[in-house]
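No hydrogens, no waters, no symmetry mates; every other heavy atom, side chains included, goes into these values.
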Amino acid sequence: MPIARHLPDRPALRPHVIVLVVMAAVLSLLFSNIPGWAGPPPSGIGAPRGHPESSAVNSVTPERSWVFPPRAHVVPLPPLAGGGVDPFAIRTTEPAPNGVTDFGVDSQLNPYRYATDEFVGTAKILRLSTYSAACGGGMSFQLNSEIVIHAPAGDYYYWIQNVISIDSATRAMSFIDNIWNFSSPTATLTSSMLSGNGTVSNGGGFSLYYYSNLPTTLPGAYLTLSYPSNVSVEVKTRMVGGHPTLWFLYDDGFGWQVYDSVTFHEPHAATGVSFLVDGYTYSPSGLYFDAEFDFAGCSATGETNLNSTLWMSLQYDNGHTLQAPPTTWNFGENTAEETSNVITTANLSSGGGVPGALETTGSGTLGSLYGHSNISVVNLSTRVPNGTLEVNSVDYPYRGLGTTLTLDPGRYTIDLFNSSRFVVERNITLSPGEVTSFEVTPLVYYPLALLATGLPTGTAWSVSVDGNLTTTTNGTISLRVLNGTHTYVAQPVPGSTTTGRLGTVLVAGHGVNVTIAYFPFTYLVTFTATGRPEGITWTVTVDGASYPTDSTSVSIGTTNGSHPFNVSAPFQYLLSPSNGTISVQARPLAQAIDFLVRPGYLGGDVSPAEASVLVDGQAVLVTAGAFNVTKLPGVHNLTVELAGYATFWANLTVTAGNLSFEPVTLHLASSEGGRHGSSVPSATTELEIGIGALAVTVAAGLLLVLRGRPRR
């Protein structure tokens, strides 16, 4: 609703006022003769319009589609009784530039002022449809503000416009900037005063700087929009090399792009430059020191909103970060381009926290948009210089040791980052009209190292600490945590088991290490000996590890996969199998090992070669007078016989793996001596015969001795 106000009686017009009125009337007449708006570049996107992109030149008449003149008014703007400006001095009803405007007065018309070096306007377009008789679907979003240049000779003022030009019928979009001299009601521009990519015009009734011929190679310069779309424009100013400098930027999804940079060469010896919002006074041109982000028309002939839904916001640099003005109005005044059939209300639930304007279709009312009673102001301080505050996932890079934010009422999660490293998180709830201050104090974090042992190099493993899961292929997970008790859970690793899988760790003023031991998950492979004599020790070796035992079986834990093995025992035994490979596939296995007595060998030569050889009564093969048979260890009988010869026989001992060799020569049956006998083997051996002969000799000797002794 319009704010009720009491205007003072108009004083008698003074001579300089009469001049102002006449000038305004002339401007009004000129602007009313602007032909139809030519619209943005064709869908061939960014076709050059034939104007240079070099430094500004004089006496060029711009196309009217590139000119967005200020509002012409026929009466001087009177101050309010309280000494501030009156937002309703020119307009009280639609048509008007709808959107977000900071006039420098609050909803109670209390004036304030501030200077800044940056303004940003953002439009989130959900639906856009407009019409005017002059330019069809052509319309504009205008970021309008005023700079003041300080110089020894005085202050100079310029009106700055960064314009998003859209044809709502074709959705073609481009960007245009204008600069107007507001230093006096009759101030003009010349090419010697400033330079940039654009052109200075002093023809066709205009005195302005403008630039619209963006290069087609500039990302996003000429887009065909699809909705929803976010489009932002920005103006910045700084002193560079002793000269006031302006930058015009846009961001339509390709990041911030600088499309024009303007340097002021006059006034000479300038000492400073800034944008100015001042609710105490009007500018020398007779308009406002305000900042506007307007939903506007394409020309001064007016625009009708047919069916649009969009959200608009305005922010300025408060010296630390971007901040929405704490109080705004839903219409602008300085620009001549207007729209009608627009309802503009405060949008205080954008989710990102930035208050703004919601534009819809219908008959709207001009008035306060939002103010101290329905938004919240938060003064944030911190000990971390030059970081980033993430407010409900919206980043606010800040300079210094804190900032001030204007936010919608609601609940916020504020994360503080220092050079992209998380420092601290705070949760706050803001009420309408609340102004609060708090410190985002960095908390002290200590190292918590979780060390894994027993895993093969490169194995992925995971640990959840206080519910936050971390995965690595390294042997250590390094975290930083606050003082206190923290719960950790080691996640399972396929093929492994662990001790200390879960637990708690106390961090109290210093770092802590926790070791988590992993072990391969094993399955039992049981080796069982069959035929093993009691008391025999044998050894099973698997994957190079040996397991000796004197039991019948031995069980060994092995992991999934193939594993080589071998089995050893005393020499006198043969094992089957003695080696091989076991394949473990998530279940126990059994492997039998058979013990066999290792045999020996009984062999010899016989003469005559045609003699027959029997071992343990069984005939054996004689080849070329030689024989060799395999026998188990023990005593075995050897018999050699041939007709006409005395039979040879003997008992021979065979040991494991060894050859018991016996050469045999048969004697004729009439011969005597040697190991021979009749067909019936005798037990008399050569040793026995020798012993008998020795006994006879000894007896004879004793007899001779007895005979030779003297008698008594």
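Considering T361, T339, T360 in turn, T361 is the only one that fulfils the side-chain hydrogen bond (donor to acceptor under 3.5 Å, both in side chains) rule with N305.
Here the closest heavy-atom approach between residue V105 and residue P87 is recorded as CG2-CG, 3.7 Å. Residues A115 and S274 approach most closely at CB-OG, 3.6 Å, considering heavy atoms. Of all the heavy atoms in L348 and I375, the pair that sits closest is CD2-CG2, 3.8 Å. Nearest heavy atoms, G353 versus P355: O-CD, 3.3 Å. Considering every non-hydrogen atom in both P215 and Y222, the closest pair reads O-CE1, 4.2 Å. Between W256 and S232, the shortest heavy-atom contact is CH2-CB, 3.5 Å.
Using the six-membered ring where Trp is involved, Y210 and W66 have ring planes that are tilted, between 30° and 60° apart. Relative orientation of the W329 and F331 rings is perpendicular, given thresholds of 30° and 60° on the angle between their planes. Using cut-offs of 30° and 60° on the angle between ring planes, the pair Y259 and Y250 is tilted.
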Worksheet item: Between D294 and N144, is a side chain to side chain donor-acceptor pair (under 3.5 Å) present by the stated rule, with each step listed?
Response: CA-CA 8 Å; D294 297 322; N144 300 325; 3.2 Å; yes
Discussion item. Show, in sequence, the C-alpha distance, side-chain angles and deciding distance for N379 and T404, and conclude whether the side chain to side chain donor-acceptor pair (under 3.5 Å) test is met.
Written reply: CA-CA 4 Å; N379 299 304; T404 298; 2.8 Å; yes
Practice prompt. Apply ring pair (Phe, Tyr, Trp, His ring centres under 6.0 Å) to Y156 and F264, showing your working.
Written response: CA-CA 11 Å; Y156 296 80; F264 287 83; over 10 Å; no
Worksheet item: Can you list the steps and then say if Y398 with N318 is a side chain to side chain donor-acceptor pair (under 3.5 Å)?
Response: CA-CA 10 Å; Y398 69 89; N318 63 14; over 6 Å; no
Discussion item. Apply side chain to side chain donor-acceptor pair (under 3.5 Å) to residues Q161 and W180 and explain how you reach the verdict.
Written reply: CA-CA 9 Å; Q161 295 181 283; W180 304 75; 2.9 Å; yes
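Distance check: T403 OG1 to Y396 OH gives 9.5 Å after rounding to the nearest 0.5 Å. The distance from the CG atom of L276 to the CD1 atom of I147 is 10.5 Å, given to the nearest 0.5 Å. Rounding to the nearest 0.5 Å gives a distance of 11.0 Å between OG1 of T388 and CG of D415. Taken from CG in N341 to CD in E303, the straight-line distance is 11.5 Å, to the nearest 0.5 Å. Here Y211 contributes atom OH and S261 contributes atom OG; the two are 11.5 Å apart, rounded to the nearest 0.5 Å. Atom CE of M173 is separated from atom CD1 of I164 by 7.0 Å, given to the nearest 0.5 angstrom.
A salt bridge links R238 with D117: at least one charged nitrogen is closer than 4.0 Å to a carboxylate oxygen. Taking 4.0 Å as the cut-off between side-chain N and carboxylate O, R91 and E333 count as a salt-bridged pair.
The ring of Y158 has its center no closer than 6.0 angstrom to the ring center of F182. If you look at F141 and F295, their ring centroids are closer than 6.0 Å. Checked against the 6.0 Å centroid threshold, Y288 and F103 count as a close aromatic pair. Checked against a 6.0 Å centroid threshold, the rings of F248 and F175 do not count as neighbours.
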